[in-house]
Asker: 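Structure incoming, see below.
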Amino acid sequence: MSRSRRDFIAQSSLGLLGAAIAPQVPAQTPVQTPAQPQTPGAPTVFGTAPPVGPKVSAETFVEAGKLMQIEMKPADLAEAAGNWQQAMAPVYERRVGPRKLALGEKDSPSMVWNPFSGTPGIVRQFDLKRASPFVAAPAKRDLLNELPADDASIAFATVVQLARWIETRKLTSERLTLIYLERLKRFQPQLNCTITLCEEHGLQQARAADKEIAEGKYRGPLHGIPWGAKDLLDTAGIATTWGAEFYRSRVPEKDAVVTAKLNAAGAVLVAKLSLGSLALNDVWFGGQTKNPWNLDEGASGSSAGPGAAVAAGLVGFAIGSETQGSIISPSMRCGVTGLRPTFGRVSRTGAMTLSWTCDKLGPMARGVEDTLVVLRAISGKDTEDLSTSSGSNGINGLSDAYQRVPTRVGYVPAWMKEATDVDRAALETVKKLGMETIPVSLPDWPYDSLNIILFAEAAAAFEEITLDHRVDQLKMQVPDAWPNTFRQARFLSAVDFVQADRLRRKVALEIGKLMDTVDVLLVPSLRDEPLVIFNFTGHPSLTLRAGFVEVNEARSDWAPDPKHPLPKFSPARRVPHGVTLIGQLLSEGPMAQVGMAMEKAFGVAGERPTGF
């Protein structure tokens with residue numbers, strides 16, 4: 001049986017606290033390494049720097065060994081302690097001085113994860129042959145002409161529908177913006193999904209869009225469409241709080257690249273939407289964001305606000321982010337469509353960093369086609385974000401996204417066996433659509449060991465607020481929240497970090513071979529293995545509503561707390577359930593082909609949560 005990420009964290013405390021049995025160490029006199037003589041032409045050697053920092057003993061290493069789950073012989077312990085001040089303590093000068101050097105938000109590591117390390121040559125092939133622009137679906141145009149009489153039906157329309165009404169001037173951007181602003185204000189007390197309402201800003205953008213469209217300057221399918229940004233995306237002159245108490249007054253001077261791209265596309269920003277503090281789960285400084293389908297549970301996170309707002313018809317679409325499940329999980333919980341692009345497809349410049357090698361920005365909407373429209377607008381190479389690739393400007397396969405083509409859909413039998421009836425029914429739907437289903441398998445490897453990379457990068461990104469104890473202000477102070485994780489990560493092994501990085505490429509090579517045999521994988525959305533594996537390899541995913549399940553207890557992102565049991569339901573509550581497709585690198589188009597066919601066959605995307 002798989003373990004969830006929070007189980008892994010809660011049970012093993014980052015895997016660092018195993019009870020290694022250390023040997024009894026006799027009292028030792030620290031070994032003092034003499035300073036190296038200054039003989040002309042003699043090279044410098046390790047372990048001869050002037051001693052700095054506090055003295056340590058063999059017993060210090062015994063206790064540290066428990067954290068690392070290693071054992072050392074008594075003589076080795078004494079030797080390690082003897083010259084620690086000369087050999088290892090100096091490497092901490094960057095942090096403790098005397099030549100202390102602060103690192104800022106823009107100081108990214110020199111190492112950049114390359115998702116193509118498992119598929120050599122794919123970038124060159126993509127750039128030369130496979131890039132293709134997005135084209136709208138002509139066959140659908142005649143179905144979108146009638147504007148609904150009621151505002152709620154307009155609010156729940158897809159981006160493609162809204163775009164058609166705005167383009168043909170049956171609906172103004174100002175009217176649509178007013179509809180969404182009214183709904184954002186009306187449902188905020190129930191959902192708690194908005195951190196900053198951008199009312200004046202949104203109306204200015206909407207009126208400008210209407211003026212341009214009236215003059216015949218139509219920019220494309222996002223022109224005049226109101227959207228919401230997960231509040232880790234910088235917006236010039238508008239607070240971007242990262243959901244954290246001590247960043248509430250943070251107002252960036254410059255737009256994030258994605259914000260600027262959406263501005264250029266004519267989209268209308270109406271709200272900065274909630275995220276779990278510093279992109280963890282669904283609790284921020286204003287409380288917990290709720291699921292529109294079940295107000296007795298959270299919306300899941302960390303893209304909680306985008307998930308809730310899209311599901312409740314409060315915005316046309318939203319931008320979320322994912323490091324490990326933060327688009328997939330709220331899309332599942334709230335019954336919306338979330339597209340996590342290939343790592344490097346979308347620039348992260350101007351977005352909060354949690355993990356330099358795992359963070360991804362992507363669209364959340366009410367339909368598969370909507371996510372493709374948004375993805376095209378925000379994709380592209382960015383010289384400030386070294387992770388973006390030259391192949392990011394084209395959307396592979398989207399010109400064929402409305403033509404039925406033979407498709408190979410892979411699945412892992414063991415995962416499907418342990419999944420829900422909705423997941424298994426989705427696999428049967430794929431067969432009925434005429435696609436070939438192919439059972440595949442993965443090696444039984446310790447994939448959770450890759451999380452050393454995530455924990456170390458996150459702790460590095462938030463080192464300053466950890467060391468000065470600002471993290472103590474965050475609302476969630478439980479073992480599986482960031483404050484404890486950031487502190488524990490100080491004791492991760494650098495050697496294990498490098499070994500995890502080597503494992504990462506080994507996994508990428510294995511997944512590269514697997515993806516050569518299929519076009520997409522169909523996986524249970526929240527199973528631990530695919531969440532970890534494909535976020536670390538950088539493959540794109542598409543999560544879409546596939547049906548409904550009944551739950552008799554509220555669901556939570558947090559480890560169980562006996563002092564605060566979750567609400568139970570009798571009778572059980574009916575809530576949406578989604579499945580996830582994993583695509584080949586830079587192949588969101590073929591993945592979307594399968595998704596749109598499945599979405600049409602499921603026939604459940606249009607159902608709305610009661611009361612909204």
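By convention here, the first residue in the shown sequence is residue 1. No experiment lies behind these values; they were computed from the predicted model shown.
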Asker: Any side-chain donor-acceptor pair under 3.5 Å between S556 and E297?
Answerer: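 The criterion, which ignores hydrogens and geometry beyond distance, is not satisfied for E297 and S556.
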Asker: So which heavy atom on A459 is nearest to which on A489, and how close?
Answerer: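 Result for this residue pair: CB-CB, 3.5 Å.
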Asker: For the pair E607 and R574, find out whether any cationic side-chain nitrogen is under 4.0 Å from an anionic carboxylate oxygen.
Answerer: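 R574 and E607: salt-bridged.
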Asker: Let me confirm one number: the OG1-CG distance from T466 to D472, rounded to the nearest 0.5 Å.
Answerer: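 Here the rounded value is 9.0 Å.
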Asker: For S387 and R348, test the side chains for any donor-to-acceptor distance below 3.5 angstrom and give the result as yes or no.
Answerer: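 A pair is found: one side chain offers a donor N or O, the other an acceptor, under 3.5 Å apart.
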Asker: Could you check V520 against I582 for side chain to side chain contact (heavy atoms under 4.5 Å, CB included), going step by step and ending with a plain yes or no?
Answerer: CA-CA 5 Å; V520 296; I582 306 295; over 6 Å; no
Asker: Taking all atoms of both residues into account, what is the closest heavy-atom pair of P341 and L339, and its distance?
Answerer: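 The answer is CD-O, 3.4 Å.
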Asker: Is it the case that the side chains of S274 and K230 hold a donor-acceptor pair, with the cut-off being a distance below 3.5 Å and no angle test?
Answerer: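 No pair is found: no donor N or O on one side chain lies under 3.5 Å from an acceptor on the other.
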Asker: For the CZ atom of R207 and the OG atom of S173, what is their distance to the nearest 0.5 Å?
Answerer: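 Answer for the CZ-OG pair, R207 versus S173, is 10.5 Å.
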Asker: Can a cation-pi geometry be assigned to R573 and W293, taking NZ or CZ under 6.0 Å from the six-membered ring centre and within 45° of the ring axis?
Answerer: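 Relative to the ring axis of W293, which defines the angle, R573 lies outside at least one limit.
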Asker: Is it true that D210 and R175 make a salt bridge, defined as a side-chain N closer than 4.0 Å to a carboxylate O?
Answerer: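 No, D210 and R175 are not salt-bridged.
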Asker: Under a 4.0 Å N-O cut-off, is there an ion pair linking R250 with E105?
Answerer: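 Result for this pair is yes, salt bridge flagged.
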Asker: Do K272 and T194 get their side chains close enough for a donor-acceptor pair, meaning under 3.5 Å?
Answerer: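 Result is no, nothing qualifies.
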Asker: Tell me whether the rings of W242 and F462 are parallel (<30°), tilted (30 to 60°) or perpendicular (>60°).
Answerer: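 The arrangement is perpendicular - the two ring planes meet at more than 60°.
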Asker: Under the criterion side-chain hydrogen bond (donor to acceptor under 3.5 Å, both in side chains), I'd like the reasoning laid out for T580 against R527: C-alpha separation, chi angles, the key distance, then a yes or no.
Answerer: CA-CA 10 Å; T580 293; R527 190 178 175 95; over 6 Å; no
Asker: Scan residues 533-545 for pairs that pass salt bridge (Lys or Arg N to Asp or Glu O under 4.0 Å), counting only residues two or more places apart or in two chains.
Answerer: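 Counting only pairs at least two positions apart or across chains, no salt bridge (Lys or Arg N to Asp or Glu O under 4.0 Å) contact touches residues 533-545.
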Asker: Report the C-alpha separation of S347 and K381 in whole Å, then their side-chain angles, then the decisive distance to 0.1 Å, and conclude whether the side-chain hydrogen bond (donor to acceptor under 3.5 Å, both in side chains) test is met.
Answerer: CA-CA 7 Å; S347 169; K381 176 73 175 176; over 6 Å; no
Asker: Would you say the side chains of D382 and T349 form a donor-acceptor pair under 3.5 Å?
Answerer: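 Their side chains do contain a donor-acceptor pair, which is all the 3.5 Å distance test asks for.
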Asker: Got a donor-acceptor contact below 3.5 angstrom from the N535 side chain to the V532 backbone?
Answerer: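 Looks like no, no N/O pair under 3.5 Å.
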Asker: Among N192, D557, N281, D282, which one satisfies side-chain hydrogen bond (donor to acceptor under 3.5 Å, both in side chains) with Q288?
Answerer: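 For Q288, the side-chain hydrogen bond (donor to acceptor under 3.5 Å, both in side chains) check succeeds only for D282.
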Asker: Does any donor atom in the side chain of D385 or T388 lie under 3.5 Å from an acceptor atom in the other side chain?
Answerer: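 Not at all, the side chains of D385 and T388 share no donor-acceptor pair under 3.5 Å.
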Asker: If you measure from the Lys or Arg side-chain nitrogens to the Asp or Glu carboxylate oxygens, is any gap between K185 and E199 under 4.0 Å?
Answerer: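 Here K185 pairs with E199 in a salt bridge, since their nearest N and O are under 4.0 Å apart.
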Asker: Please tell me if the side chains of Q190 and L295 come closer than 4.5 Å, counting only heavy atoms from C-beta onward.
Answerer: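 Yes, side chains in contact.
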Asker: Please determine whether side chain to side chain contact (heavy atoms under 4.5 Å, CB included) holds for the pair W482 and S277, giving the CA-CA distance in whole Å, both sets of side-chain angles, and the decisive distance to 0.1 Å.
Answerer: CA-CA 9 Å; W482 279 151; S277 298; over 6 Å; no
Asker: Is there a side chain to side chain contact (heavy atoms under 4.5 Å, CB included) between L171 and I154? Walk through the geometry before answering.
Answerer: CA-CA 9 Å; L171 176 67; I154 294 173; 4.1 Å; yes
Asker: Which heavy atom of R333 sits nearest to which heavy atom of P576, and what is that distance?
Answerer: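 Closest approach of R333 to P576: O-CD, 4.3 Å.
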Asker: For S300 and S329, which I'm curious about, is there any donor-acceptor pair between the side chains at under 3.5 Å?
Answerer: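 Judged by distance alone, the side chains do pair up.
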Asker: Can you tell me how far the CH2 atom of W356 sits from the CD1 atom of I453, to the nearest 0.5 Å?
Answerer: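 Output value for this atom pair is 13.5 Å.
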Asker: Restricting to non-hydrogen atoms, name the atom on A312 and the atom on R183 that form the minimum distance, rounded to 0.1 Å.
Answerer: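 So the two residues come closest at O-NH2, 2.8 Å.
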Asker: Looking at the rings of Y180 and W227, which for Trp means the six-membered one, are their centres under 6.0 Å apart?
Answerer: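 No.
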Asker: Using only heavy-atom distances, determine whether the side chains of W284 and T289 contain a donor-acceptor pair under 3.5 Å.
Answerer: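 The criterion, which ignores hydrogens and geometry beyond distance, is satisfied for T289 and W284.
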Asker: Rounded to the nearest 0.5 Å, what's the gap from CG on L275 to CG on L278? Could you check?
Answerer: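 L275 atom CG to L278 atom CG measures 8.0 Å (nearest 0.5 Å).
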Asker: Can you tell me how far the CD1 atom of I465 sits from the CD atom of Q473, to the nearest 0.5 Å?
Answerer: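 Atom-to-atom, I465:CD1 and Q473:CD are 9.0 Å apart.
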Asker: Indicate whether the side chain of D231 and that of T241 have a donor and an acceptor atom separated by less than 3.5 Å.
Answerer: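 A donor-acceptor contact under 3.5 Å links the two side chains.
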Asker: So F187 and F612, would you call those rings parallel, tilted or perpendicular, with 30° and 60° as cut-offs?
Answerer: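 Rings of F187 and F612: tilted, 30 to 60°.
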Asker: Verify whether one side chain among T357 and R504 offers a donor that lies under 3.5 Å from an acceptor in the other.
Answerer: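 Checked: T357/R504 side chains pair up, N/O donor to acceptor below 3.5 Å.
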Asker: Evaluate S326 against S302 for side-chain hydrogen bond (donor to acceptor under 3.5 Å, both in side chains), listing each step before the verdict.
Answerer: CA-CA 5 Å; S326 291; S302 64; 3.1 Å; yes
Asker: Check this for me: does any side-chain nitrogen of one of E212 and R219 sit under 4.0 Å from a carboxylate oxygen of the other?
Answerer: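 So E212 pairs with R219 through a salt bridge.
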Asker: When rounded to the nearest 0.5 angstrom, what distance separates CD in E457 from OG1 in T323?
Answerer: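 Taking CD in E457 and OG1 in T323, the distance rounds to 9.5 Å.
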Asker: Check this for me, if you would: do E322 and K360 make a salt bridge, where the nitrogen-to-carboxylate-oxygen distance has to be below 4.0 angstrom?
Answerer: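 Answer for the salt bridge query: no.
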Asker: Do I328 and L526 come close enough that some side-chain heavy atom pair is under 4.5 Å?
Answerer: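 In contact.
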Asker: Any luck finding a side-chain donor-acceptor pair between N484 and Q477 under 3.5 Å?
Answerer: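 Their side chains do not contain a donor-acceptor pair, so the 3.5 Å distance test is not met.
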Asker: Salt bridge between R470 and E464, side-chain N to carboxylate O under 4.0 Å?
Answerer: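 Between E464 and R470 there is a salt bridge, with a charged N closer than 4.0 Å to a carboxylate O.
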Asker: As a quick check of understanding, evaluate side chain to side chain contact (heavy atoms under 4.5 Å, CB included) for V160 and D370, giving each step before the final call.
Answerer: CA-CA 6 Å; V160 174; D370 289 1; 3.4 Å; yes
Asker: If every non-hydrogen atom of G338 is compared with every non-hydrogen atom of I327, which pair is closest and at what distance?
Answerer: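 For G338 versus I327, the nearest heavy atoms are CA-CG2, 3.7 Å.
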